[in-house]
S.K.: 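Let me give you the structure first, and then I'll get to my questions.
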Amino acid sequence: MGVALRDIIADYKTPVSWEALPGIAAVDANNTLYQFLTIIRQPDGTPLMDRQGRVTSHLSGILFRISNFMAKGIKPVFVFDGKPTQLKQATIEERRKLRDTAGEKWREAVERGDEAEAYKQARSSTRVDDTIIRTSRELLGLMGIPVVQAPGEGEAQAAFMVARGDCLYVISQDYDTLLFGAPTLVRNLTVSGKRKIRGRQITVNPERIVLAETLAGLKLTREQLIEIGILVGTDFNPGVEGVGAKTGLKIVQKGEFAAKLKEKQPDFDPAPVMEMFLKPPVTTEYSVAAGHPDAEGIKKMLCDGYDFSEERVDKALEGFSVKAGQKTLESWF
DNA sequence: CGTTCCAA
DNA sequence: TTGGAACGG
């Protein structure tokens, strides 16, 4: 998915404890929903569904994660994607094809009883469609979570909101927000900290990446970081074959970005992509103020509408409303 | 992913 | 009490 800068950013990630995170956080909504939909599945790949067969994985993810956020003093603002730019069309089309193929392979794997393959293909067939967006927004509204509609990329809008000081950091798994200028990015903000990767269980801790520290450490300007992104490939351009983050870093540090592109992709003009990261469409028409959670409304939607257990929803709401607006010990100092 | 269950 | 397995919808 996101721009593959992991290998050069690794040294500038610092573990961060939950105690250091209270405040307003700009959540990359599409990234979060995609994550829920890919991961909250049964071993054969079937997502959580109500009795009518409507997918509910995202609703489960939102309910429990936000309940935990609230209990820890993290006030999320969900930022949704707007209209994709023309630059992204090729990527969108490519992803659609991959999803469709995966959907077929999933069905085939289920038929022949290959559970591991079914799970893998099901994940690859994940799509954050209009229904997922609509139902997520409905639940967030009932929870009193502010929602921001980005004019373009949600990641750009989230970065902008942090840069303006309206939010403390962006929550996303992708590094794209750094290219969009997010001063601080927090990854792996999950409660359990445990993840099963290929049968192995590993502990994943929340980590913080400060853009200024990363640029200083790599001796780069933000424009140069974007240049590396362009070389390895972004949602807006395919990248140069055989160039990863480390090679890209070397090329850019030697000042050979333009020359390398001219050599490998003579017909490609990187200026519009650079422009997209430096001056993306964003809006100041938003509010990060949280509303009051409507416990009855949430129960009506989830329990009556989507067959959630009332007991579990009640429990999630408990941590929610009790701690909402309550000062954490940390914030007194 | 996050919660709950259950064996040790 | 703990942590891996099963469940949730």
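Just so we're on the same page: letters track the sequence lines, and every chain starts at 1.
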S.K.: Less than 4.0 angstrom from a charged side-chain N to a carboxylate O is my criterion; do A/Arg107 and A/Glu111 meet it?
M.R.: yes
S.K.: Do the side chains of A/Lys315 and A/Glu318 get close enough for a salt bridge, i.e. N-O under 4.0 angstrom?
M.R.: no
S.K.: Reckon A/Arg312 has a side-chain N or O less than 4.0 Å from the OP1 or OP2 of B/dT3?
M.R.: no
S.K.: If you only use heavy atoms from C-beta on, which nucleotide in B/dC1, C/dG9, B/dT3 is closest to the side chain of A/Arg65?
M.R.: B/dC1
S.K.: Specify the separation, in whole Å, of atom CD1 of A/Ile62 and atom C1' of B/dC1.
M.R.: 12 Å
S.K.: From CZ of A/Phe69 over to C1' of B/dG2, roughly how many Å is that when rounded to an integer?
M.R.: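 Taking CZ of A/Phe69 and C1' of B/dG2, I get 12 Å after rounding.
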S.K.: I need the CG-P distance between A/Leu317 and B/dT3, as an integer number of Å.
M.R.: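 In whole Å, B/dT3 P and A/Leu317 CG are 13 Å from each other.
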S.K.: Check the distance between C/dG9's P and A/Glu310's CD and give it to me in whole angstrom.
M.R.: 12 Å
S.K.: Do the side-chain N and O atoms of A/Asp174 and A/Ser172 include a donor-acceptor pair separated by under 3.5 angstrom?
M.R.: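 The criterion, which ignores hydrogens and geometry beyond distance, is not satisfied for A/Ser172 and A/Asp174.
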S.K.: Rounded to the nearest angstrom, tell me the gap between atom CZ in A/Arg41 and atom P in B/dT3.
M.R.: 20 Å
S.K.: With a 3.5 Å cut-off and sequence neighbours excluded, list the donor-acceptor pairs that the side chains of residues 257-278 of chain A form with protein atoms.
M.R.:
unit_1	atom_1	unit_2	atom_2	d
A/Gln265	NE2	A/Gly239	O	2.7
A/Asp269	OD1	A/Ala271	N	3.0

S.K.: Would you indicate which nucleotide in B/dT4, C/dG8, B/dG2 comes nearest to any side-chain atom of A/Thr190?
M.R.: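 Per side-chain heavy atoms of A/Thr190, the pick is B/dG2.
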S.K.: Among C/dG8, C/dG9, B/dG2, which nucleotide sits nearest the side chain of A/Val191?
M.R.: B/dG2
S.K.: Cut-off 3.5 Å, no hydrogens considered: what does the side-chain donor-acceptor table look like for residues 289-306 of chain A, sequence neighbours left out?
M.R.:
unit_1	atom_1	unit_2	atom_2	d
A/Asp294	OD1	A/Glu296	N	3.3
A/Asp294	OD1	A/Gly297	N	2.8
A/Lys299	NZ	A/Asp314	OD1	3.0

S.K.: Just to be sure I understand the geometry, which residues of residues 297-309 of chain A put a non-hydrogen atom under 4.0 Å away from DNA chain B?
M.R.: none
S.K.: Check this for me, if you would: do A/Asp307 and A/Arg51 make a salt bridge, where the nitrogen-to-carboxylate-oxygen distance has to be below 4.0 angstrom?
M.R.: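 Salt bridge flag = yes for A/Arg51 with A/Asp307.
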S.K.: Roughly, in whole Å, what's the span from CD in A/Glu318 to P in B/dT4?
M.R.: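 Going from A/Glu318 (CD) to B/dT4 (P), I get 11 Å.
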S.K.: In whole angstrom, give the distance that lies between atom CG of A/Asn188 and atom P of B/dG2.
M.R.: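 Interatomic distance, CG of A/Asn188 to P of B/dG2: 11 Å.
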S.K.: Cation over ring, A/Arg137 on A/Phe80, under 6.0 Å and within 45°?
M.R.: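 Yes, A/Arg137 lies over the aromatic ring of A/Phe80.
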S.K.: Atom CE of A/Met70 and atom P of B/dG2: how far apart are they, to the nearest Å?
M.R.: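 Rounded to whole Å, this separation is 16 Å.
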S.K.: Hey, is the side chain of A/Asn68 poking within less than 4.0 Å of OP1 or OP2 on B/dC1, counting only N and O atoms?
M.R.: no
